[in-house]
Amino acid sequence: MNNLRNSLEEKNGEVCMAGRELTSLAAKYGTPLYLYDEAWIAGRVEELHKRIPLNNLKFFYAMKANNNPHLLNIIRKGGMGIDAVSEGEVHLALSCGFTPDRIIYTANHITDGEMDRVAETGVTMNIGSLSRLEKFGKAHPRSSVCLRFNPDVVAGEFKEIQTGGKLTKFGILMEEAPRVKEITDRYGLTVVGLHKHTGSGIADTALFLQSMDNLLSVAGSGLFPDLRFIDCGGGFKVPYQEEEIPVDYDAFGKALAERFENFRKVYGRDLSLYFEPGKFVTAEGGIFIVRVNTLKKNRDRLIAGTDSGFPHLIRPLLYGAYHSIINLSHPEGQPHIYDIAGNICESGDLFARDREVAEIREGDYLALLNSGAYCYAMGSEYNMRPLPAEVLLEKDGNDRLIRKRRTPAELAQLIREETLWN
Ligand code: LLP
(Lines give C-alpha, C1' and ligand atoms only; values in the text may rest on other atoms or scores of the structure.)
Protein backbone atom coordinates (compact mmCIF):
# COMPACT_ATOMS: atom_id res chain seq x y z
CA MET A 1 0.00 0.00 0.00
CA ASN A 2 1.36 3.43 -0.78
CA ASN A 3 1.52 6.23 1.73
CA LEU A 4 -1.26 8.39 0.34
CA ARG A 5 -4.00 8.69 2.92
CA ASN A 6 -7.41 8.24 1.37
CA SER A 7 -8.28 6.24 4.45
CA LEU A 8 -7.30 3.04 2.61
CA GLU A 9 -6.00 0.04 4.46
CA GLU A 10 -5.36 -3.60 3.66
CA LYS A 11 -7.24 -6.23 5.69
CA ASN A 12 -6.70 -9.92 4.98
CA GLY A 13 -5.38 -9.15 1.52
CA GLU A 14 -8.41 -6.94 0.67
CA VAL A 15 -8.06 -3.21 0.14
CA CYS A 16 -10.61 -1.39 2.28
CA MET A 17 -11.84 2.16 2.52
CA ALA A 18 -13.55 3.26 5.71
CA GLY A 19 -13.26 -0.38 6.73
CA ARG A 20 -15.21 -1.72 3.74
CA GLU A 21 -13.89 -4.04 1.05
CA LEU A 22 -13.56 -2.16 -2.18
CA THR A 23 -13.87 -5.06 -4.59
CA SER A 24 -17.20 -6.02 -2.99
CA LEU A 25 -18.47 -2.46 -3.31
CA ALA A 26 -17.31 -2.36 -6.95
CA ALA A 27 -19.17 -5.62 -7.64
CA LYS A 28 -22.28 -4.38 -5.83
CA TYR A 29 -22.56 -1.02 -7.62
CA GLY A 30 -20.75 -1.80 -10.86
CA THR A 31 -18.05 0.32 -12.43
CA PRO A 32 -17.03 3.00 -13.20
CA LEU A 33 -17.73 4.12 -9.66
CA TYR A 34 -16.84 7.05 -7.44
CA LEU A 35 -16.67 6.30 -3.71
CA TYR A 36 -16.48 8.88 -0.93
CA ASP A 37 -15.70 8.51 2.73
CA GLU A 38 -17.99 10.58 4.96
CA ALA A 39 -15.89 10.34 8.12
CA TRP A 40 -12.77 11.35 6.26
CA ILE A 41 -14.36 14.43 4.67
CA ALA A 42 -15.99 15.49 7.95
CA GLY A 43 -12.59 15.05 9.61
CA ARG A 44 -10.94 17.32 7.07
CA VAL A 45 -13.49 20.05 7.71
CA GLU A 46 -12.81 19.81 11.42
CA GLU A 47 -9.08 19.80 10.83
CA LEU A 48 -9.24 23.03 8.86
CA HIS A 49 -10.72 24.86 11.78
CA LYS A 50 -8.00 23.50 14.09
CA ARG A 51 -4.97 24.21 11.91
CA ILE A 52 -5.29 27.99 11.91
CA PRO A 53 -5.31 29.32 15.48
CA LEU A 54 -7.50 32.36 14.98
CA ASN A 55 -10.98 33.48 15.95
CA ASN A 56 -13.23 34.94 13.26
CA LEU A 57 -12.11 32.34 10.81
CA LYS A 58 -14.50 31.14 8.12
CA PHE A 59 -14.18 28.51 5.42
CA PHE A 60 -16.13 28.36 2.19
CA TYR A 61 -15.96 25.12 0.24
CA ALA A 62 -15.11 25.60 -3.43
CA MET A 63 -18.15 23.80 -4.72
CA LYS A 64 -16.69 23.50 -8.21
CA ALA A 65 -14.51 20.71 -6.80
CA ASN A 66 -17.50 18.48 -6.12
CA ASN A 67 -21.14 19.48 -6.10
CA ASN A 68 -22.81 16.30 -4.91
CA PRO A 69 -25.44 17.54 -2.40
CA HIS A 70 -24.68 14.64 -0.04
CA LEU A 71 -21.09 15.83 0.26
CA LEU A 72 -22.19 19.46 0.52
CA ASN A 73 -24.39 18.41 3.43
CA ILE A 74 -21.43 16.91 5.31
CA ILE A 75 -19.51 20.11 4.65
CA ARG A 76 -22.39 22.35 5.77
CA LYS A 77 -22.82 20.38 8.97
CA GLY A 78 -19.12 20.90 9.62
CA GLY A 79 -19.68 24.67 9.62
CA MET A 80 -18.38 25.62 6.20
CA GLY A 81 -20.02 27.94 3.69
CA ILE A 82 -19.81 27.80 -0.10
CA ASP A 83 -17.59 29.50 -2.65
CA ALA A 84 -19.82 29.58 -5.74
CA VAL A 85 -18.65 30.49 -9.24
CA SER A 86 -21.89 30.46 -11.20
CA GLU A 87 -25.57 31.11 -10.83
CA GLY A 88 -26.16 27.35 -10.95
CA GLU A 89 -23.86 26.81 -7.98
CA VAL A 90 -25.65 29.57 -6.05
CA HIS A 91 -28.99 27.87 -6.71
CA LEU A 92 -27.71 24.50 -5.59
CA ALA A 93 -26.06 25.91 -2.47
CA LEU A 94 -29.24 27.76 -1.42
CA SER A 95 -31.37 24.71 -2.05
CA CYS A 96 -28.96 22.58 0.01
CA GLY A 97 -29.51 24.80 3.05
CA PHE A 98 -26.59 27.21 2.86
CA THR A 99 -27.97 30.62 3.86
CA PRO A 100 -27.00 33.61 1.66
CA ASP A 101 -24.60 34.90 4.33
CA ARG A 102 -22.66 31.61 3.99
CA ILE A 103 -22.17 31.92 0.23
CA ILE A 104 -19.59 33.93 -1.64
CA TYR A 105 -20.12 34.32 -5.35
CA THR A 106 -16.92 34.76 -7.36
CA ALA A 107 -17.77 34.42 -11.02
CA ASN A 108 -15.84 35.98 -13.85
CA HIS A 109 -17.03 37.37 -17.16
CA ILE A 110 -20.68 37.20 -16.22
CA THR A 111 -23.67 38.73 -17.94
CA ASP A 112 -25.69 41.56 -16.44
CA GLY A 113 -28.60 39.15 -16.08
CA GLU A 114 -26.57 36.71 -13.99
CA MET A 115 -25.24 39.57 -11.87
CA ASP A 116 -28.73 40.90 -11.14
CA ARG A 117 -30.27 37.53 -10.37
CA VAL A 118 -27.45 36.56 -8.02
CA ALA A 119 -27.44 39.98 -6.34
CA GLU A 120 -31.13 39.52 -5.58
CA THR A 121 -30.43 36.33 -3.61
CA GLY A 122 -28.42 38.35 -1.08
CA VAL A 123 -25.16 36.40 -1.41
CA THR A 124 -21.92 38.36 -1.21
CA MET A 125 -20.78 39.43 -4.66
CA ASN A 126 -17.06 39.22 -5.28
CA ILE A 127 -16.16 41.33 -8.30
CA GLY A 128 -12.91 41.00 -10.24
CA SER A 129 -12.90 43.73 -12.87
CA LEU A 130 -13.41 47.49 -13.02
CA SER A 131 -15.88 47.02 -15.86
CA ARG A 132 -18.10 44.71 -13.80
CA LEU A 133 -17.78 46.93 -10.73
CA GLU A 134 -19.02 49.92 -12.70
CA LYS A 135 -22.00 47.90 -13.98
CA PHE A 136 -22.71 46.55 -10.52
CA GLY A 137 -22.58 50.04 -9.00
CA LYS A 138 -24.97 51.41 -11.59
CA ALA A 139 -27.46 48.56 -11.14
CA HIS A 140 -27.15 48.15 -7.37
CA PRO A 141 -26.06 51.46 -5.86
CA ARG A 142 -25.45 51.67 -2.11
CA SER A 143 -24.98 47.92 -1.73
CA SER A 144 -22.09 45.97 -0.25
CA VAL A 145 -19.43 44.30 -2.32
CA CYS A 146 -16.23 42.29 -2.10
CA LEU A 147 -13.40 42.91 -4.57
CA ARG A 148 -11.11 40.33 -6.09
CA PHE A 149 -7.52 41.47 -6.63
CA ASN A 150 -4.80 39.81 -8.65
CA PRO A 151 -2.19 39.13 -5.95
CA ASP A 152 0.65 39.25 -8.48
CA VAL A 153 2.13 35.98 -7.29
CA VAL A 154 2.37 32.96 -9.59
CA ALA A 155 1.78 29.67 -7.78
CA GLY A 156 -0.15 26.43 -8.22
CA GLU A 157 0.50 22.90 -9.41
CA PHE A 158 -0.28 23.40 -13.12
CA LYS A 159 -0.04 26.52 -15.24
CA GLU A 160 -3.73 26.29 -16.17
CA ILE A 161 -4.73 26.71 -12.53
CA GLN A 162 -2.41 29.53 -11.50
CA THR A 163 -4.56 32.58 -11.02
CA GLY A 164 -2.11 35.35 -10.12
CA GLY A 165 0.39 37.38 -12.11
CA LYS A 166 0.54 38.66 -15.63
CA LEU A 167 -0.97 35.75 -17.52
CA THR A 168 -4.23 35.47 -15.67
CA LYS A 169 -7.69 36.72 -16.54
CA PHE A 170 -8.65 37.12 -12.90
CA GLY A 171 -8.85 40.01 -10.51
CA ILE A 172 -8.31 43.73 -10.40
CA LEU A 173 -4.70 44.88 -10.49
CA MET A 174 -3.48 46.15 -7.15
CA GLU A 175 -2.37 49.42 -8.70
CA GLU A 176 -5.96 49.96 -9.82
CA ALA A 177 -7.16 50.29 -6.21
CA PRO A 178 -7.56 54.10 -6.46
CA ARG A 179 -9.80 53.66 -9.52
CA VAL A 180 -11.85 51.14 -7.58
CA LYS A 181 -12.33 53.76 -4.92
CA GLU A 182 -13.61 56.29 -7.49
CA ILE A 183 -16.21 53.80 -8.71
CA THR A 184 -17.35 52.68 -5.27
CA ASP A 185 -17.63 56.32 -4.11
CA ARG A 186 -19.59 57.24 -7.21
CA TYR A 187 -22.22 54.58 -6.51
CA GLY A 188 -22.11 54.61 -2.72
CA LEU A 189 -20.91 50.98 -2.60
CA THR A 190 -19.48 49.67 0.66
CA VAL A 191 -16.43 47.48 0.18
CA VAL A 192 -16.86 44.86 2.90
CA GLY A 193 -14.25 42.38 1.75
CA LEU A 194 -11.09 41.99 -0.29
CA HIS A 195 -10.32 38.70 -2.00
CA LYS A 196 -7.54 36.92 -3.81
CA HIS A 197 -7.05 33.40 -5.06
CA THR A 198 -3.49 32.60 -6.05
CA GLY A 199 -3.81 29.14 -7.56
CA SER A 200 -4.70 25.55 -6.83
CA GLY A 201 -2.34 23.08 -5.17
CA ILE A 202 0.23 25.51 -3.78
CA ALA A 203 3.21 23.58 -2.47
CA ASP A 204 5.34 26.61 -1.64
CA THR A 205 3.59 28.19 1.31
CA ALA A 206 5.96 31.19 1.19
CA LEU A 207 4.27 32.14 -2.08
CA PHE A 208 0.86 31.87 -0.47
CA LEU A 209 2.01 34.11 2.38
CA GLN A 210 3.50 36.59 -0.09
CA SER A 211 0.21 36.72 -1.91
CA MET A 212 -1.63 37.30 1.36
CA ASP A 213 0.79 40.11 2.25
CA ASN A 214 0.12 41.73 -1.11
CA LEU A 215 -3.62 41.66 -0.51
CA LEU A 216 -3.17 42.97 3.02
CA SER A 217 -1.15 45.87 1.67
CA VAL A 218 -4.15 46.86 -0.47
CA ALA A 219 -6.43 46.39 2.54
CA GLY A 220 -4.19 48.60 4.65
CA SER A 221 -3.90 51.34 2.02
CA GLY A 222 -6.55 53.47 3.70
CA LEU A 223 -8.82 53.24 0.67
CA PHE A 224 -11.09 50.62 2.24
CA PRO A 225 -12.08 51.59 5.80
CA ASP A 226 -15.25 49.44 5.99
CA LEU A 227 -13.81 45.96 5.54
CA ARG A 228 -15.34 43.10 7.47
CA PHE A 229 -13.28 40.30 6.00
CA ILE A 230 -10.23 39.32 3.99
CA ASP A 231 -10.67 36.29 1.75
CA CYS A 232 -7.47 34.48 0.79
CA GLY A 233 -9.12 31.96 -1.55
CA GLY A 234 -8.21 28.31 -1.82
CA GLY A 235 -5.14 26.44 -2.96
CA PHE A 236 -4.19 24.28 0.04
CA LYS A 237 -2.19 21.46 -1.48
CA VAL A 238 -2.65 17.79 -0.75
CA PRO A 239 -0.20 15.09 -1.86
CA TYR A 240 -1.00 13.21 -5.07
CA GLN A 241 2.35 11.42 -5.48
CA GLU A 242 3.27 8.53 -3.21
CA GLU A 243 6.56 10.08 -2.08
CA GLU A 244 5.35 13.62 -1.83
CA ILE A 245 6.10 15.43 1.41
CA PRO A 246 2.88 17.00 2.66
CA VAL A 247 2.73 20.67 3.49
CA ASP A 248 3.31 21.33 7.19
CA TYR A 249 -0.15 22.75 7.88
CA ASP A 250 0.52 23.42 11.54
CA ALA A 251 3.42 25.73 10.75
CA PHE A 252 1.57 27.25 7.81
CA GLY A 253 -1.59 27.77 9.87
CA LYS A 254 0.39 29.52 12.57
CA ALA A 255 2.11 31.78 10.02
CA LEU A 256 -1.23 32.71 8.48
CA ALA A 257 -2.75 33.47 11.87
CA GLU A 258 0.20 35.52 13.02
CA ARG A 259 0.19 37.68 9.90
CA PHE A 260 -3.49 38.25 10.13
CA GLU A 261 -3.41 39.13 13.84
CA ASN A 262 -0.72 41.71 13.15
CA PHE A 263 -2.72 43.18 10.33
CA ARG A 264 -5.89 43.27 12.40
CA LYS A 265 -4.12 45.38 15.02
CA VAL A 266 -2.91 47.87 12.42
CA TYR A 267 -6.24 48.01 10.60
CA GLY A 268 -7.92 48.93 13.87
CA ARG A 269 -11.17 47.14 13.26
CA ASP A 270 -12.27 43.58 13.80
CA LEU A 271 -11.90 41.56 10.65
CA SER A 272 -12.62 37.95 9.72
CA LEU A 273 -10.31 35.80 7.68
CA TYR A 274 -11.88 33.62 4.99
CA PHE A 275 -10.51 30.75 2.93
CA GLU A 276 -12.08 28.80 0.08
CA PRO A 277 -10.50 25.34 0.00
CA GLY A 278 -11.72 22.73 -2.45
CA LYS A 279 -9.05 20.04 -2.89
CA PHE A 280 -8.04 20.07 0.76
CA VAL A 281 -11.56 19.12 1.82
CA THR A 282 -12.54 16.39 -0.62
CA ALA A 283 -9.68 15.32 -2.94
CA GLU A 284 -8.33 12.60 -0.68
CA GLY A 285 -11.79 11.60 0.54
CA GLY A 286 -12.74 10.04 -2.77
CA ILE A 287 -11.53 7.27 -5.06
CA PHE A 288 -12.52 6.21 -8.54
CA ILE A 289 -12.85 2.52 -9.41
CA VAL A 290 -12.65 1.23 -12.96
CA ARG A 291 -12.50 -2.33 -14.28
CA VAL A 292 -9.98 -3.74 -16.71
CA ASN A 293 -11.65 -5.55 -19.59
CA THR A 294 -8.81 -5.81 -22.14
CA LEU A 295 -5.12 -6.52 -21.78
CA LYS A 296 -3.01 -6.06 -24.87
CA LYS A 297 0.56 -5.60 -25.93
CA ASN A 298 1.68 -2.96 -28.38
CA ARG A 299 5.21 -4.33 -28.95
CA ASP A 300 6.94 -3.36 -25.71
CA ARG A 301 3.97 -1.59 -24.19
CA LEU A 302 1.52 -3.35 -21.90
CA ILE A 303 -1.89 -1.76 -22.16
CA ALA A 304 -4.63 -2.27 -19.59
CA GLY A 305 -7.91 -1.14 -21.14
CA THR A 306 -10.64 -0.08 -18.71
CA ASP A 307 -14.37 0.57 -18.76
CA SER A 308 -13.95 4.33 -18.24
CA GLY A 309 -11.92 7.13 -19.78
CA PHE A 310 -10.97 10.77 -19.69
CA PRO A 311 -14.55 12.07 -19.75
CA HIS A 312 -14.89 10.56 -16.26
CA LEU A 313 -11.58 11.77 -14.87
CA ILE A 314 -9.87 14.29 -17.09
CA ARG A 315 -7.07 15.61 -14.88
CA PRO A 316 -4.30 13.37 -16.30
CA LEU A 317 -5.12 14.38 -19.85
CA LEU A 318 -5.86 18.03 -19.16
CA TYR A 319 -2.98 18.89 -16.83
CA GLY A 320 -0.72 15.85 -16.91
CA ALA A 321 -1.93 15.29 -13.34
CA TYR A 322 -0.83 12.21 -11.45
CA HIS A 323 -3.35 9.93 -9.75
CA SER A 324 -1.97 6.99 -7.84
CA ILE A 325 -3.39 3.66 -9.07
CA ILE A 326 -3.88 0.49 -7.03
CA ASN A 327 -4.90 -2.91 -8.34
CA LEU A 328 -7.66 -3.72 -5.85
CA SER A 329 -8.15 -7.27 -7.10
CA HIS A 330 -4.49 -8.25 -6.90
CA PRO A 331 -2.73 -5.81 -4.57
CA GLU A 332 0.18 -8.15 -3.89
CA GLY A 333 0.78 -9.10 -7.55
CA GLN A 334 4.21 -8.77 -9.12
CA PRO A 335 4.47 -5.17 -10.39
CA HIS A 336 4.66 -4.47 -14.14
CA ILE A 337 4.72 -1.29 -16.17
CA TYR A 338 1.41 -0.45 -17.84
CA ASP A 339 -0.34 2.19 -19.82
CA ILE A 340 -3.74 2.43 -18.14
CA ALA A 341 -6.09 3.31 -20.95
CA GLY A 342 -9.73 4.29 -21.28
CA ASN A 343 -12.50 3.36 -23.69
CA ILE A 344 -12.66 6.66 -25.60
CA CYS A 345 -11.70 7.06 -29.24
CA GLU A 346 -8.65 9.24 -28.69
CA SER A 347 -5.03 8.21 -28.19
CA GLY A 348 -4.64 10.64 -25.32
CA ASP A 349 -7.22 8.68 -23.37
CA LEU A 350 -4.89 7.39 -20.67
CA PHE A 351 -5.17 7.58 -16.91
CA ALA A 352 -1.45 6.87 -16.65
CA ARG A 353 1.47 6.07 -18.92
CA ASP A 354 4.39 3.81 -17.93
CA ARG A 355 2.90 3.21 -14.52
CA GLU A 356 4.04 0.46 -12.22
CA VAL A 357 1.00 -1.43 -10.95
CA ALA A 358 0.67 -4.85 -9.32
CA GLU A 359 0.08 -7.42 -12.08
CA ILE A 360 -3.20 -6.68 -13.81
CA ARG A 361 -5.50 -9.41 -15.11
CA GLU A 362 -8.64 -8.94 -17.17
CA GLY A 363 -11.52 -8.39 -14.78
CA ASP A 364 -9.39 -6.67 -12.13
CA TYR A 365 -10.63 -3.53 -10.41
CA LEU A 366 -8.29 -0.55 -10.28
CA ALA A 367 -8.63 2.40 -7.90
CA LEU A 368 -7.48 5.87 -8.84
CA LEU A 369 -6.77 7.78 -5.64
CA ASN A 370 -7.43 11.42 -4.78
CA SER A 371 -10.56 11.48 -6.87
CA GLY A 372 -12.85 13.43 -4.57
CA ALA A 373 -12.16 16.87 -6.08
CA TYR A 374 -12.32 18.05 -9.68
CA CYS A 375 -12.97 14.56 -11.00
CA TYR A 376 -16.67 13.77 -11.24
CA ALA A 377 -17.32 17.51 -11.32
CA MET A 378 -15.31 17.89 -14.53
CA GLY A 379 -16.91 14.89 -16.14
CA SER A 380 -18.79 14.68 -19.41
CA GLU A 381 -20.61 12.13 -21.51
CA TYR A 382 -18.28 12.44 -24.49
CA ASN A 383 -18.58 9.39 -26.78
CA MET A 384 -22.00 8.95 -25.17
CA ARG A 385 -20.75 6.98 -22.25
CA PRO A 386 -22.87 7.61 -19.17
CA LEU A 387 -21.17 9.23 -16.19
CA PRO A 388 -20.19 6.97 -13.27
CA ALA A 389 -22.33 6.29 -10.22
CA GLU A 390 -21.35 7.81 -6.86
CA VAL A 391 -21.56 6.07 -3.50
CA LEU A 392 -21.05 7.49 -0.03
CA LEU A 393 -19.53 5.33 2.68
CA GLU A 394 -21.40 6.72 5.65
CA LYS A 395 -20.06 7.07 9.16
CA ASP A 396 -22.48 4.51 10.52
CA GLY A 397 -21.18 1.79 8.20
CA ASN A 398 -23.83 2.08 5.47
CA ASP A 399 -23.00 2.50 1.84
CA ARG A 400 -25.44 4.76 0.05
CA LEU A 401 -25.92 5.40 -3.65
CA ILE A 402 -25.71 9.19 -3.99
CA ARG A 403 -25.79 9.47 -7.78
CA LYS A 404 -27.27 7.03 -10.24
CA ARG A 405 -25.47 5.93 -13.35
CA ARG A 406 -27.65 6.33 -16.43
CA THR A 407 -27.89 3.44 -18.85
CA PRO A 408 -26.72 4.05 -22.42
CA ALA A 409 -30.35 3.77 -23.55
CA GLU A 410 -31.40 6.43 -21.02
CA LEU A 411 -28.64 8.69 -22.24
CA ALA A 412 -29.77 8.24 -25.84
CA GLN A 413 -33.35 9.04 -24.81
CA LEU A 414 -32.18 12.14 -22.95
CA ILE A 415 -30.41 13.40 -26.03
CA ARG A 416 -33.52 12.91 -28.11
CA GLU A 417 -35.53 14.87 -25.55
CA GLU A 418 -33.03 17.67 -25.10
CA THR A 419 -32.58 18.17 -28.81
CA LEU A 420 -36.35 18.18 -29.33
CA TRP A 421 -35.90 15.23 -31.66
CA ASN A 422 -39.25 13.45 -32.03
N1 LLP B 1 -11.44 30.01 -4.81
C2 LLP B 1 -11.40 30.36 -6.11
C3 LLP B 1 -11.77 31.72 -6.49
C4 LLP B 1 -10.99 29.43 -7.07
O5 LLP B 1 -10.93 29.79 -8.34
C6 LLP B 1 -10.65 28.12 -6.67
C7 LLP B 1 -10.22 27.12 -7.65
C8 LLP B 1 -10.72 27.79 -5.31
C9 LLP B 1 -11.12 28.76 -4.40
C10 LLP B 1 -10.39 26.41 -4.77
O11 LLP B 1 -9.09 26.00 -5.02
P12 LLP B 1 -8.54 24.64 -4.34
O13 LLP B 1 -8.55 24.84 -2.85
O14 LLP B 1 -9.45 23.54 -4.71
O15 LLP B 1 -7.18 24.46 -4.86
N16 LLP B 1 -9.59 21.72 -12.00
C17 LLP B 1 -8.32 21.98 -11.32
C18 LLP B 1 -8.48 22.94 -10.18
C19 LLP B 1 -9.12 24.23 -10.61
C20 LLP B 1 -9.23 25.22 -9.50
C21 LLP B 1 -9.96 26.44 -9.95
N22 LLP B 1 -10.20 27.35 -8.90
C23 LLP B 1 -7.71 20.65 -10.90
O24 LLP B 1 -8.29 19.61 -11.17
O25 LLP B 1 -6.61 20.62 -10.34
Side-chain angles (χ1 to χ4, degrees), residues 41 44-45 47-48 51 58-67 71 75 80-86 89-90 93 103-110 123-129 146-151 155-164 168-172 193-205 207-208 211-212 215 229-241 247 249 252 256 274-286 288 310 312-323 351 368-380:
I41 293 172
R44 278 269 97 168
V45 174
E47 196 180 327
L48 268 176
R51 294 288 183 121
K58 289 189 184 159
F59 294 98
F60 297 79
Y61 178 62
M63 178 176 179
K64 64 178 90 61
N66 195 318
N67 59 23
L71 302 192
I75 287 163
M80 287 183 80
I82 288 292
D83 153 36
V85 290
S86 69
E89 288 193 355
V90 172
I103 301 172
I104 294 195
Y105 166 80
T106 304
N108 68 102
H109 307 152
I110 57 173
V123 310
T124 305
M125 301 283 291
N126 184 21
I127 293 180
S129 76
C146 173
L147 299 171
R148 177 176 187 165
F149 280 91
N150 175 344
E157 54 198 336
F158 313 111
K159 71 173 182 346
E160 295 83 355
I161 56 176
Q162 297 170 339
T163 41
T168 178
K169 63 172 179 164
F170 298 103
I172 297 167
L194 295 188
H195 170 280
K196 64 95 185 155
H197 172 69
T198 313
S200 189
I202 300 174
D204 184 347
T205 54
L207 290 175
F208 194 108
S211 169
M212 180 178 182
L215 185 67
F229 64 88
I230 299 289
D231 184 338
C232 284
F236 298 164
K237 177 150 182 44
V238 298
Y240 279 76
Q241 308 262 350
V247 169
Y249 278 107
F252 183 41
L256 287 169
Y274 292 3
F275 292 100
E276 304 167 343
K279 278 178 189 164
F280 187 85
V281 181
T282 52
E284 296 161 281
F288 182 44
F310 75 82
H312 297 171
L313 196 153
I314 201 172
R315 301 184 75 256
L317 179 62
L318 193 58
Y319 311 121
Y322 181 97
H323 284 261
F351 291 126
L368 283 84
L369 307 195
N370 280 31
S371 299
Y374 304 106
C375 291
Y376 190 99
M378 293 175 77
S380 77

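Whatever order the structure lists ligands and atoms in, that order sets their numbers, starting from 1.
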Taking the inter-plane angle between the rings of Y274 and F229 on a 0 to 90° scale, is it parallel (under 30°), tilted (30 to 60°) or perpendicular (over 60°)? parallel
Testing T163, T198, I202 for side-chain contact (heavy atoms from CB on, under 4.5 Å) with S211, which one passes? T198
Checking T282 now: which residues fulfil side chain to side chain donor-acceptor pair (under 3.5 Å) with it, not counting sequence neighbours? Y61
With the criterion set at N/O pairs under 3.5 Å, what does the list of contacts between the protein and ligand 1 look like, atom names and distances included?
from	atom 1	to	atom 2	distance (Å)
ligand 1	1 (N)	D83	OD2	3.2
ligand 1	1 (N)	E276	OE1	2.7
ligand 1	13 (O)	G235	N	2.9
ligand 1	13 (O)	G278	N	2.9
ligand 1	14 (O)	G278	N	3.3
ligand 1	14 (O)	K279	N	2.9
ligand 1	14 (O)	Y374	OH	2.7
ligand 1	15 (O)	S200	OG	2.5
ligand 1	15 (O)	G235	N	3.4
ligand 1	16 (N)	Y319	OH	2.8
ligand 1	24 (O)	R315	NE	2.6
ligand 1	25 (O)	K279	NZ	2.7
ligand 1	25 (O)	R315	NE	3.4
ligand 1	25 (O)	R315	NH2	2.8

N/O donor-acceptor pair under 3.5 Å between D83 side chain and F60 backbone: no
Is the F208 to F236 ring centre distance short of 6.0 Å? yes
Less than 6.0 Å separating the ring centroids of F280 and F275? no
